[in-house]
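Below is one structure, written out as structure tokens, with a few remarks after it.
By convention in this document, chain letters (A, B, ...) are assigned in the order of the sequence lines, proteins followed by strands, and residues within each chain are numbered from 1.
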Number of protein chains: 2
Amino acid sequence: MSMARAVTLRDVAEAAGVSVATASKALNGRDDVGAETRRRVEEAAARLSFTPNALARNLASGQTGTVGLLASDLDGRFSIPILMGAEDAFGAERMSVLLCDAREDVIRERHHLSTLLARRVDGLIVVGSRTDPRPSIGRDLPVPVVYAYAPSADPQDVSIVPDNVGAGIMVVEHLLSLGRRRIAHIRGDVTYAAAHDRIAGITSTLGAAGLDLLPPHSFGSWSEAWGRAAADAILAESPDVDAIICASDQIARGALDTLRDRGVGVPDQVAVVSFDNWEILALGSRPQLTSVDMDFEALGRLAAQRVFESIAGTTTPGVESRPCRLVIRGSSVKGA
Amino acid sequence: MSMARAVTLRDVAEAAGVSVATASKALNGRDDVGAETRRRVEEAAARLSFTPNALARNLASGQTGTVGLLASDLDGRFSIPILMGAEDAFGAERMSVLLCDAREDVIRERHHLSTLLARRVDGLIVVGSRTDPRPSIGRDLPVPVVYAYAPSADPQDVSIVPDNVGAGIMVVEHLLSLGRRRIAHIRGDVTYAAAHDRIAGITSTLGAAGLDLLPPHSFGSWSEAWGRAAADAILAESPDVDAIICASDQIARGALDTLRDRGVGVPDQVAVVSFDNWEILALGSRPQLTSVDMDFEALGRLAAQRVFESIAGTTTPGVESRPCRLVIRGSSVKGA
DNA sequence: CTGTTAGCGCGTTCAT
DNA sequence: ATGAACGCGCTAACAG
């Protein structure tokens, strides 16, 4: 509560009996300063508990040590892990992340964009809530921009997305390795690219093994209710099914409910696998869910790295896919 | 990608053929500037798409227009809605929020604290992941600090917490209004203050109605697995139960599973209510969950308001409780 | 090695 | 109504 004036470098310099410039060098660990002098300055700084004014530092150096994270997912399900990954990669001491949530609103996004630019962020990470291409926020902005999760529609931009096709491949390979052959798929929302990418990986891998997805083949939503209904339909139409791939953990939760209601053993009779590895869902079910983790933190780390490269001027534009990670649990492997 | 030098006020002034000072006044809407001159300056600024450098502006003004949000919940479940509420209250155009996640790590928290102070944030909101008092981050910091969700252990600090006692009262009143009398409670983690506060509200309200909680009375964890086990125990020990209050949505999901397995109708035979209103869980179940929402956004708005007041110097320290909100759905009222 | 001089970009006096 | 000059706190270039 005691709102005392902040101590400045000048105060430190005076206390140490040196010039401001020398104090600056001493504290910034530059080598052209005497050992004894440095000690005195550091001692003074510590005694006064000096905190350098980042604003002034940045204004002088031309860099803000800040990157903007322009997010669009209302619940932070993607942006928080991506933020944490980015913090890790940047090294929290050097870079701070300014998080703005546009709440899926274009106006708000433009607005946040301009305040971030006004704050002279050194870079920008744009996080979307789905992997469908989204409009670019602009071509020649004064700072490097990296799109994470949702790629930019402009191929000149730098984008990083999870490899959903690869994710589809992984789950099928897992099921095949378990000896499953009669595999059905509960699709997600038809309007999502992720739904189609996962199907592409699934069907191509099945095809290579001479197999096909069991019917039915309809799309739905990402909800548990859809998972319940779709699982019902599968049991009716393809009663010999031995594995169900669910397009999301929510769907899988619904499917598990139906299987349980019908007395179908999981994983003995039917193995269940899904995507997202949303732990609150995946760990609570009976049995726990085998699921593909998109590794948002890694996405965030990579995005941060690309921002750095862009600052240095060495980035190739385009959309880059990051591999996902299969987390095996009891819904596909007994006791896992 | 074209990393052109940012345009400065000076560029605008030259383009408009005026001095920097005049340009500044014109753009900041001060009245001592000619109408025609102002027009020319504004036109030039627009043409060059001038964005004032917030750093420089802030360095001069001594205010950064930035508040720090020091969070500790790894998944952003609390901090994101609180952030959004704060953004709303501040008005996104005037204030930006710098989000730092300490990941429940004291060292990291100290570290983030110092970088936030170095950035000269105008205020600080500290968000914890549980309502138990947490150590104060320090008494005489150069900026106002408001604790949200997790109160500070120092009564001299300003804290805002959800009213968990009131939440307990609300659910009981709801159940009583539905005619339920044989009420059991599945407790959460015994180490959490929230678990005890909710019980306090529950038992006092029941007591006022001449009722008692049905056994068993043991604590557990916040998990679905505990919810399943505890519901089993309740049915065994108190088979005439007509309502179960679950300490969290996760617990409620587990309880619903058990009730379904046992063929107990919800809400006909047993009404189920819970706390958190975590929509991913509350909306996916059969039936959907009646749950108490802690209204984090309102918490964030209030925190922002308190920060403002503290800047102005008019805040009374202490812990303030915010009322929660009961969201009624099908698990307690048929068809709701 | 150290201190002096110049800015960084803007807002704000004060003359004019 | 306009502009020159100064300062915010710090870093960077140059002298000494």
Return the residues of [range] meeting this criterion: a heavy atom under 4.0 Å from some atom of DNA chain C. Order them by number, or give none.
range	result
residues 13-23 of chain A	A:V18, A:S19, A:A21, A:T22
residues 51-64 of chain A	A:L59, A:A60
residues 26-38 of chain A	A:D32, A:V33, A:G34, A:T37

For this session: Apply the test side-chain contact (heavy atoms from CB on, under 4.5 Å) to residues B:M294 and B:L299: give CA-CA distance (whole Å), side-chain angles for both, the deciding distance (0.1 Å), then the verdict.
Result: CA-CA 8 Å; B:M294 314 226 257; B:L299 226 55; over 6 Å; no
Got a donor-acceptor contact below 3.5 angstrom from the [X] side chain to the [Y] backbone?
X	Y	answer
A:D73	A:S79	yes
A:D293	A:R325	no
A:T315	A:S310	yes
A:T66	A:S96	no
A:D11	A:V7	no
B:D295	B:C324	no

Atom [atom1] of [X] and atom [atom2] of [N]: how far apart are they, to the nearest Å?
X	N	atom1	atom2	answer
A:K25	C:dT5	NZ	C1'	12 Å
B:R10	C:dG11	CZ	C1'	16 Å
B:D11	C:dC8	CG	P	11 Å

For this session: Give every residue pair that meets the salt bridge (Lys or Arg N to Asp or Glu O under 4.0 Å) criterion with at least one member in residues 308-318 of chain A, sequence neighbours excluded.
Result: A:R306-A:E309
Exercise. Going by the salt bridge (Lys or Arg N to Asp or Glu O under 4.0 Å) test, which pairs reach into residues 42-66 of chain A, not counting sequence neighbours?
Worked result: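 Sorted result for residues 42-66 of chain A: A:E43-A:R47.
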Problem set entry | From CZ (A:F78) to OG1 (A:T131), nearest 0.5 Å |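 The CZ atom of A:F78 sits 9.0 Å away from the OG1 atom of A:T131.
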Problem set entry | Minimum heavy-atom distance A:A150-A:R130, with the two atoms named | CB-O, 3.0 Å
For this session: Evaluate the side-chain proximity of B:Y147 to B:I160: yes if any heavy-atom separation is below 4.5 Å, no if none is.
Result: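 A side-chain contact is absent here, since even the closest heavy-atom pair is not under 4.5 Å.
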Exercise. Taking atom CZ of A:R103 as the centre, does the number of heavy atoms from other residues, nucleotides or ligands within less than 6.0 Å exceed 12?
Worked result: yes
Problem set entry | Runs of at least three Watson-Crick or G-U pairs with DNA chain C, cut-off 3.5 Å | C:1-3 with D:14-16, C:5-16 with D:1-12
